[in-house]
Amino acid sequence: MRRALASLPRTVWLLGAISLLNDAASDMIYPLVPLYVATVLMAGPKALGWIEGVAEAAGSLLKLVSGVLADRMRRIKPFVVIGYGLAGIARPLIGIATSWLGVLAFRFVDRVGKGLRSAPRDAMLAGSVAPSQRGLAYGLHRGMDNAGAVIGPLIAAALLSAGVSLQHVFLLAIVPAVFVLIMALRLQEPAHADVAPRARIDWRWSALPPRFRRYLMALGLFTLGNASNMFLLLRAQELGLGATRITLLWAAFSAVAALTSTPLSALSDRIGRRRLILAGWGGYAVLYVLLGVITISAGWLWVLFPAYGLVTAMIEGTERALVADLVPKESAGTAFGWYYLVTGLLLLPASAIFGALWENGAPMYAFGLSAMFAVAAGVVLGTARTST
């Protein structure tokens, strides 16, 4: 594993370091948003569902646009730099919001930034390594991203324990965001970007390879049950955990994801992407049944959240590596744009439905429906004709 990691190019490591710092800034805030919305702004799960759904859906539309433009222009770095810059500015401003609509506005800008950078960045990763290293490269990237998600909550927990207010924790997230922008400016365009001919990219659904369309259909079903992780944090609050312990719980989830993402995604280079994704989706269904349908005590959260980190590590990098496997290299940006469009756009109904079921019924209905969608997605992917 050490030799394999050492063989990865500078671009992969730099993008991983950028994601680490960016996620540290993001996850100083992310676990606290449900608390801020519920306890400071006095809004409920339904408002949280709309905040996350609208913001993610809008960002997802931009992911397709930015991916197509990056392929056509053969320019990736501007999308990455502007995307990280917008998010770094918007996230800390959540602390000055006086209503849930204000939180929605700043989350919207944050997700616009993510929409601009995500597909071009993943295309840059795909173009930087050989196909046999894709699982390793995406796993390393997700691992470093999740390492930042450990650092951020720990910083937030320390600041809260020292008496810093929620609003001030949000504002302090600007510090790592500045370093993210500096590092993004040091990225270099892939070598092929300057020499490849500029061709018109057909981004229509009908022009996508059939195997890729089938994969996107399975991802769409899974996403309909994969509402915002903020509902997991809201569940922790409902079971009696306070702000400091919730941030530590999120850090535990992220630590497991960070430590296991690289080896698990690299495993997909050997045993196949589909097998690992199916195992991850199955684990997701089981965990959601345990979290929402079965009555549990708060103590079990310290087992279930790290287990969810393991499931996340199996899924995240492997899903992206499979995207790169199923499309030609010259249209990778467009393919990742479609990937993010499907997984992000469907988050709006997923989060809205999840929040409505929770608020008007009970958590068991919301978590149970999510588990059912994960099983259905596994059936579609499991019966698809693909060799990966």
Side-chain angles (χ1 to χ4, degrees), residues 26 30-31 33-34 37-38 43-64 100 103-104 107-108 110-112 114-115 118-119 214-236 238 250 253 277-278 280-293 304-305 308 311-312 314-316 319-320 323 336-381:
S26 177
Y30 187 82
V33 171
V37 171
K46 188 180 294 186
L48 186 62
W50 280 106
I51 288 171
E52 288 303 292
V54 170
E56 290 287 354
S60 296
L61 290 172
L62 274 177
K63 289 172 185 175
L64 177 57
W100 72 267
V103 176
L104 172 59
R107 282 287 290 167
F108 178 86
D110 175 19
R111 297 298 88 178
V112 165
K114 187 171 184 177
S118 294
R214 178 75 177 226
Y215 177 45
L216 290 177
M217 290 170 61
L219 282 170
L221 276 174
F222 179 71
T223 303
L224 282 172
N226 189 19
S228 171
N229 284 333
M230 286 192 179
F231 288 111
L232 299 180
L233 303 173
L234 192 62
R235 178 66 167 156
E238 183 182 71
W250 190 250
F253 154 79
I277 293 172
L278 288 174
W281 287 359
Y284 176 94
V286 171
L287 286 172
Y288 261 55
V289 168
L290 293 174
L291 281 165
V293 178
L304 296 179
F305 266 66
Y308 185 56
V311 167
T312 300
M314 296 171 68
I315 294 172
E316 288 186 333
E319 284 183 353
R320 290 162 173 79
V323 172
F336 279 108
W338 270 106
Y339 166 78
Y340 284 116
L341 177 68
V342 169
T343 57
L345 193 61
L346 291 179
L347 186 61
L348 173 56
S351 295
I353 292 170
F354 197 102
L357 285 175
W358 185 325
E359 191 162 309
N360 298 321
M364 64 175 294
Y365 299 123
F367 282 93
L369 182 63
S370 291
M372 292 174 60
F373 273 120
V375 172
V379 171
V380 173
L381 182 62

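Side-chain contact between M314 and I277 is absent, with no heavy-atom pair separated by less than 4.5 Å. Contact of the F222 side chain with the M217 side chain is not registered, since no non-hydrogen atoms from C-beta on lie closer than 4.5 Å. Side chains of L224 and P349 form a contact here, defined as non-hydrogen atoms less than 4.5 Å apart. Contact annotation: the side chain of F336 never approaches that of S118 to less than 4.5 Å [non-hydrogen atoms, C-beta and beyond]. In this structure, M372 and V375 have side chains that are not in contact, with every pair of non-hydrogen atoms separated by 4.5 Å or more. A 4.5 Å side-chain heavy-atom check between E238 and W358 finds at least one atom pair inside the cut-off. When side chains are defined from C-beta on, S351 counts as touching F231, because their heavy atoms get closer than 4.5 Å. Proximity of F367 to L232: side-chain heavy atoms (C-beta onward) are separated by under 4.5 Å at one or more points.
To the nearest 0.5 Å, atoms CG (L216) and CG (L221) are separated by 11.5 Å. Atom CZ in R111 sits 4.5 Å away from atom CZ in R107 (nearest 0.5 Å). Rounded to the nearest 0.5 angstrom, L341 CG and L62 CG are separated by 10.5 Å.
Formation of a donor-acceptor pair under 3.5 Å by the Y284 side chain with backbone atoms of G225 is found in this model. In terms of modelled atom types and a separation under 3.5 Å, the side chain of Y308 and the main chain of G283 share no donor-acceptor contact. Remark: side-chain polar atoms of R235 are paired, donor with acceptor, to backbone N or O of L291 under 3.5 angstrom.
Aromatic ring pairs are classed by plane angle as parallel below 30°, tilted from 30° to 60° and perpendicular above 60°; the pair F305 and W250 is perpendicular.
For the pair V380 and A218, the tightest heavy-atom approach, listed with the atom from each and the gap, is CG1-CB, 3.9 Å. Contact record, V289 with A371: CG2-CB, 3.8 Å, taken as the closest heavy-atom pair. Closest approach of G337 and A119 over heavy atoms only: N-CB, 3.6 Å.
In this structure, the ring of Y215 has its center no less than 6.0 angstrom from the ring center of Y339.
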task = Kindly indicate, with the supporting measurements, whether the criterion side-chain contact (heavy atoms from CB on, under 4.5 Å) is fulfilled by W281 and L219.
result = CA-CA 10 Å; W281 287 359; L219 282 170; 3.7 Å; yes
side-chain contact (heavy atoms from CB on, under 4.5 Å) assessment of N226 paired with F373 = CA-CA 8 Å; N226 189 19; F373 273 120; over 6 Å; no
